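Just below is one structure, and these are the notes that go with it.
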Amino acid sequence: MPATALPELVCPAGSLPALKAAVDHGADAVYLGFKNATNARNFAGLNFTDAQIKTGIDYAKQRGKSVLIAINTYAQAGRVAEWHRAIDAAADAGADAVILADLGLLDYATRVHPTLHRHLSVQGSATNFEAVNLAHDYFGIRRAVLPRVLTLPQVEYVIKNTPVEIEVFGFGSLCVMAEGRCILSSYATGESPNTHGVCSPASHVQWIPQGDTMSTRLNGILIDHFAADEPAGYPTLCKGRFEVNDATYYALEEPTSLNALAVLPELLRIGVRAIKVEGRQRSPAYTAEVTKTLRAALDAAADPRYSVKPAWQQALNKVSEGHQQTLGAYSRPWR
Amino acid sequence: MFKLPALVQKALQKLPEQPPAFILSQTLNWVKQPLWPEEDFSWLEGRTVRLEISDLGCGLSYSFANGRFIPSQAPADVCFAASLADYWILARRQEDPDTLFFQRRLRISGDTELGLQLKNLMDATDFSPLFARLPAPLRQRLAL
């Protein structure tokens with residue numbers, strides 16, 4: 001059979017050791033963010049200083065890998081200069097691309113740094129080829145990251161109708177997937193991913209142990225209560241359990257991880273150009289484990305005898321959020 | 001996974017916390033410069049962090065004042081609790097703290113933001129400058 005070009009494996013880094021772990025374990029590209037609200041993982045102590053980004057880019061480039069910088073929140077009124085500075089810093093540092101969602105920032109990057117590649121972030125919420133092509137026409141985007149709401153045939157349809165490279169998610173925690181549009185947490189905290197780069201700011205989160213059980217509160221609002229040894233999830237409103245009509249359950253969404261190992265050959269066949277791993281908030285141990293597993297699976301995926309190895313599944317199960325893994329929207333036979 | 005004999009556990013619970021907390025603080029002061037040359041720890045100033053070893057029923061607390069780590073007996077601003085074996089797993093980066101948290105093996109209470117800041121500081125730490133100072137046989141034994 002003809003050799004299929006493998007999609008790029010794009011892995012997350014919240015710190016320099018995580019970047020090194022990704023590069024050392026087989027990532028083709030690493031994505032990261034600055035220590036501020038210009039990216040959607042604006043957590044205390046996470047992310048990179050300018051100096052760390054330079055060190056990271058050197059480390060990756062010396063090994064033939066690329067670094068993408070996520071500046072994927074929406075510039076806030078009166079503070080647009082912060083977001084412009086982030087784009088300038090990414091260009092100065094020699095990033096291979098910036099991952100943007102805000103149209104104003106795409107325009108700024110196109111005008112001021114025309115040679116810096118631009119990727120349309122998943123936060124840009126482009127779910128059809130018209131939207132992707134519009135961003136291509138106006139801002140010359142090289143790649144678009146598709147939101148996790150499309151079936152495989154829908155992803156294929158987008159790819160067939162655009163000159164833009166298409167990146168999709170391969171593994172990681174899922175959310176309610178109103179990417180670029182979610183303001184749910186604003187209800188509890190006044191902050192949301194698109195405005196502050198974080199949906200459950202740690203300053204609003206309280207874990208309250210009561211013997212062996214534990215309650216989670218977000219700005220005082222009880223969002224979950226875990227029995228002894230019951231698996232916990234991230235403290236987000238969308239993954240809380242609420243009382244609705246006398247029943248208490250995951251009223252919005254149960255904590256779940258996306259795992260696309262089973263459909264990797266399909267993703268290759270339809271021409272996906274990059275596969276992304278979620279989790280910049282996780283530690284270097286997570287990045288190493290997931291990168292290693294996805295690398296092995298991707299390298300095997302072009303073989304017609306491909307099947308998901310139990311060892312890969314185990315490795316990913318261990319680091320997953322929630323009780324279950326899913327193919328998400330990729331497989332939706334009931335359409 | 002290793003477990004301490006019950007007799008040792010009982011003895012540990014009875015020992016005062018101050019000496020180990022003092023040793024921990026001194027160690028942190030010793031590694032502060034090589035590990036975190038750019039960190040001023042202003043966010044830790046006057047705050048108390050408690051590490052509880054849940055299977056041993058003991059723990060220790062430290063704080064940061066005037067540029068130095070010190071043992072503390074003040075009520076904790078943030079408290080971590082895990083088994084000794086799980087602390088060792090975390091220290092060696094064999095597991096991701098979020099994984100242990102999802103599995104309820106690592107508990108965080110109190111000021112979540114301070115806890116997250118500490119977790120992320122540990123994740124961002126490059127330990128190689130420190131390990132380079134250890135004698136080679138010890139390095140090999142720890143498989144670092």
Side-chain angles (χ1 to χ4, degrees), chain A residues 13-21 35 41 43-49 51-52 55 173 200-210 212-218 226-235 255 257 279 281-290 317-323, chain B residues 35-44 47 49-50 52 54-55 76-83 86 88-131 144:
Chain A
S15 66
L16 202 48
L19 177 147
K20 290 180 179 174
K35 281 182 181 291
R41 290 285 185 280
F43 298 175
L46 195 74
N47 292 322
F48 289 68
T49 62
Q52 287 166 337
T55 310
S173 281
S200 283
S203 55
H204 291 78
V205 175
Q206 267 187 303
W207 310 104
I208 305 162
Q210 292 147 318
D212 285 339
T213 69
M214 178 174 77
S215 296
T216 312
R217 286 182 183 271
L218 187 61
F226 301 99
D229 296 327
E230 192 179 17
Y234 283 123
S257 286
Q281 73 282 14
R282 306 287 294 260
S283 72
Y286 166 92
T287 302
E289 191 71 50
V290 179
N317 274 343
K318 202 179 66 179
V319 296
S320 288
E321 183 195 18
H323 324 250
Chain B
L35 290 189
W36 307 296
E38 290 162 11
E39 181 62 70
D40 67 0
F41 290 100
S42 53
W43 47 274
L44 199 57
R47 318 294 304 276
V49 180
R50 180 160 179 83
E52 263 173 17
S54 43
D55 52 340
D77 290 290
V78 66
C79 176
F80 294 88
S83 70
D86 282 339
W88 183 233
I89 283 170
L90 286 174
R92 301 182 68 191
R93 290 199 173 143
Q94 286 177 319
E95 296 266 15
D96 166 59
D98 289 20
T99 300
L100 295 193
F101 179 80
F102 294 149
Q103 297 174 358
R104 306 284 302 277
R105 287 158 63 188
L106 173 67
R107 284 181 290 145
I108 306 170
S109 53
D111 185 334
T112 310
E113 188 166 46
L114 183 60
L116 188 64
Q117 185 110 33
L118 282 164
K119 186 211 91 155
N120 284 331
L121 175 75
M122 294 307 289
D123 278 350
T125 302
D126 177 5
F127 289 100
S128 52
L130 189 64
F131 297 146
L144 299 168

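A quick note: this is a predicted structure, and the numbers were derived from the prediction, not measured. Letters go in sequence order (proteins before strands), and every chain restarts at 1.
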Find the one option among B:Asp126, B:Asp111, B:Asp123 whose heavy-atom pairs under 4.5 Å with chain A are most numerous.
B:Asp123
About how many Å separate CZ of A:Phe43 and CG of B:Asn120, when rounded to the nearest 0.5 Å?
8.5 Å
Stepwise side chain to side chain contact (heavy atoms under 4.5 Å, CB included) test for B:Phe102 and A:Val319:
CA-CA 9 Å; B:Phe102 294 149; A:Val319 296; over 6 Å; no
For the pair A:Arg282 and B:Asp96, find out whether any cationic side-chain nitrogen is under 4.0 Å from an anionic carboxylate oxygen.
yes
Would you say the side-chain atoms of B:Arg104 pair up with the backbone N or O of A:Ala227, donor to acceptor, closer than 3.5 Å?
yes
What residues, two or more places apart in sequence or in another chain, satisfy side chain to side chain contact (heavy atoms under 4.5 Å, CB included) together with A:Ser257?
A:Ser173, A:Ser320, A:Glu321, A:Gln325
Within a reach of under 6.0 Å around CG of A:Asn317, are more than 12 heavy atoms found that belong to other residues, nucleotides or ligands?
yes
Between B:Glu95 and A:Glu289, is any pair of side-chain heavy atoms under 4.5 Å apart?
no
Which value, rounded to the nearest 0.5 Å, describes the distance between A:Gln281 atom CD and B:Lys119 atom NZ?
7.0 Å
Identify which part of A:Lys318 has an atom lying under 4.5 Å from any heavy atom of chain B, answering side chain, backbone, both or neither.
both
If one checks every heavy atom of A:Leu16 against chain B at 4.5 Å, the contacting part turns out to be neither
Just verifying a value: how many Å separate B:Arg105 CZ and A:Asp229 CG, rounded to the nearest 0.5 Å?
11.0 Å
Counting only non-hydrogen atoms closer than 4.5 Å, does A:Asn47 touch chain B with its backbone (N, CA, C, O), its side chain (CB onward), both, or neither?
neither
Distance in Å, B:Glu113 CD paired with A:Gln206 CD, rounded so as to fall on 0.5 Å steps
13.0 Å
Would you say A:Gln210 has more than 12 foreign heavy atoms packed within less than 6.0 Å of its CD?
yes
Applying ring-ring contact (aromatic ring centres under 6.0 Å, His included), name anything that partners B:Phe41, two or more places apart in sequence or on another chain.
B:Trp36, B:Trp43, B:Phe64, B:Phe69
Interchain contact, A:Phe226 with chain B, by part (heavy-atom threshold 4.5 Å):
both
Looking at B:Thr112 and A:Val205, would you say the former's side chain and the latter's main chain have a donor-acceptor pair under 3.5 Å?
yes
What distance separates A:Asp212 CG from B:Arg107 CZ, expressed to the nearest 0.5 Å?
7.0 Å
